[in-house]
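When reading the values below, keep in mind they use all heavy atoms of this one structure, side chains included, and skip hydrogens, waters and symmetry mates. When a residue number appears, it is its place in the shown sequence, counting from 1.
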Amino acid sequence: MRKTFKIAFTAALLALAPCLSPPAEAAGFSAPAIVDSSSGDAYRADIKFGKSSGAVAVFEENTNGIYRLYANSYTAAKGWSGPVIIDAGTGNAYRGKVAIDDKTGDAIAVFKQEAGKGYGIYAGIYKAGKWQRPVRIDSGSGNADGATAAYGPTGNAAAVFEEHDGSAYRIYVNMYDPEKGWLGPVKVDKDSTKDAMFPAHTFDHRGNLHVAYYKLHENGLDLYTV
């Protein structure tokens, strides 16, 4: 018999996360709460907190034979709001990552999903308590993966991901403007002959974006930043 895996979080842990003592204090936690939809196996959760004590969790879950991307939001006053599907509905969706704007409580979820031939990178925006329909933000090659998202200090955001451009896997950035939406994917690594992978990124206090990634060379993987 195949086991069904569920996503569970502890409500007290989330409510007290900013001021928790070391793990020895864990006796004060409440019972874990299941936050998935119980439709099938659930995997690969990501969760982020905002400064207002709100949180968003995203995860993939098998629903009617297809892996869908779900989100569940949390507030200290109401607890978990309940899981909702936030993917584009084009096929299996995997590897969701989430970012929260500390000032507004808005969130971005990025993920890979089947789209025609291969996989594309999609992004959904959580604004005013609702998820907007996700849009595709990669360049359309059908071979993209490894997306993450981050907010900057002024409400702008960025998604980074790896995508094959016909010659090698490259690192792309797509910037998000709250007024204009997604501005379009741009390559940030320069060497087109070697694969680049595993991107990570952050904004500094001035709003400058910094991207780190690995590049395959003859002697192995080297770490780059831009």
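Remark: the backbone N or O of Ala168 is not paired with any side-chain donor or acceptor of Thr193 at under 3.5 angstrom. Judged by distance alone, the side chain of His217 and the main-chain N or O of Asp222 form no donor-acceptor pair under 3.5 Å. Remark: the backbone N or O of Gly54 is not paired with any side-chain donor or acceptor of Thr75 at under 3.5 angstrom. Of the possible polar contacts, none joining the Asp102 side chain to the Gly50 backbone as a donor-acceptor pair under 3.5 Å is found.
Note that OG1 of Thr154 and NZ of Lys103 are 7.0 Å apart. Values are rounded to the nearest 0.5 Å. Going from atom CG of Leu221 over to atom NZ of Lys194 covers 12.0 Å, rounded to the nearest 0.5 Å. Between atom OH of residue Tyr70 and atom CD of residue Glu60 there is a gap of 12.0 Å, rounded to the nearest 0.5 Å. In this structure, Tyr126 OH and Asp101 CG are separated by 13.0 Å, a value rounded to the nearest 0.5 Å. Note that the OH atom of Tyr213 and the CZ atom of Arg170 stand 8.5 Å from one another [nearest 0.5 Å]. Atoms CG and OH, on Leu183 and Tyr176 in that order, are 10.0 Å from each other to the nearest 0.5 Å.
Here the shortest heavy-atom pairing between Ala157 and Phe203 reads C-CZ, 3.9 Å. Gly120 and Asp138 make their closest contact through CA-OD1, 3.5 Å (heavy atoms, listed as atom of the first residue, atom of the second, distance). For the pair Pro185 and Asn174, the tightest heavy-atom approach, listed with the atom from each and the gap, is N-ND2, 3.5 Å. Nearest heavy atom pair, residue Ala196 against residue Ile171, reads CB-CG1, 3.6 Å. Closest of all the heavy-atom pairs between Pro178 and Gly155 is CG-O, 3.2 Å. In terms of heavy-atom proximity, Ala107 sits nearest to Ile100 at CB-CG1, 4.1 Å.
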- Which is it for Tyr43 and Asn62 under the side-chain contact (heavy atoms from CB on, under 4.5 Å) test, yes or no, and what are the steps along the way? CA-CA 9 Å; Tyr43 295 106; Asn62 193 314; over 6 Å; no
- Item | side-chain hydrogen bond (donor to acceptor under 3.5 Å, both in side chains) evaluation trace for Thr225 with His210 | CA-CA 7 Å; Thr225 62; His210 302 265; over 6 Å; no
- Criterion side-chain hydrogen bond (donor to acceptor under 3.5 Å, both in side chains) on Ser141 and Asn143, from CA distance to verdict: CA-CA 6 Å; Ser141 73; Asn143 200 346; over 6 Å; no
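Hydrophobic clustering, with ILVMFWY side chains joined whenever heavy atoms are under 4.5 angstrom apart, groups Phe111 together with Val98. The cluster map of Ile, Leu, Val, Met, Phe, Trp and Tyr, joined by side-chain heavy atoms under 4.5 Å apart, puts Ile125 and Ile137 in the same cluster. Hydrophobic clustering of Ile, Leu, Val, Met, Phe, Trp and Tyr side chains at less than 4.5 Å, counting indirect connections, keeps Tyr74 apart from Val56. Tyr122 and Trp131 fall within the same hydrophobic cluster, defined by Ile, Leu, Val, Met, Phe, Trp and Tyr side-chain heavy atoms under 4.5 Å apart, directly or through other members. A single hydrophobic cluster is not seen to contain both Val173 and Val135; linkage of ILVMFWY side chains at heavy-atom distances under 4.5 Å, directly or through other members, places them apart.
Salt-bridge formation is not detected for the pair Asp46/Arg44: no Lys NZ or Arg NE/NH1/NH2 atom is positioned less than 4.0 Å from an Asp or Glu carboxylate oxygen. Under a 4.0 Å N-O distance rule, the pair Lys187/Glu163 does not qualify as a salt bridge. With respect to the salt-bridge test (charged N to carboxylate O, under 4.0 angstrom), the residues Arg68 and Asp87 qualify.
Side-chain contact between Phe59 and Ile47: absent, with no pair of heavy atoms (C-beta onward) separated by less than 4.5 Å. Between Ile108 and Tyr151, the closest side-chain pair of non-hydrogen atoms falls below 4.5 Å. At a threshold of 4.5 Å between non-hydrogen side-chain atoms, the residues Asn156 and Met175 count as touching. Taking 4.5 Å as the limit, some side-chain heavy atom of Glu162 sits within range of a side-chain heavy atom of Pro199. Side-chain atoms of Asp189 and Tyr224, non-hydrogen and from C-beta on, never get closer than 4.5 Å to each other. Counting only heavy atoms from C-beta outward, the side chains of His164 and Tyr169 approach each other to under 4.5 Å.
Residue Asn208 places its CG atom among more than 12 non-hydrogen atoms of other residues, nucleotides or ligands, all under 6.0 Å distant.
Tyr214 and Phe198 have perpendicular rings, their planes meeting at more than 60° on a 0 to 90° scale where under 30° would count as parallel. In this pair, Tyr119 and Tyr94 present their aromatic rings tilted. The plane angle is within the 30 to 60° band.
Not a single side-chain hydrogen bond (donor to acceptor under 3.5 Å, both in side chains) links Tyr172 to another residue, sequence neighbours left out.
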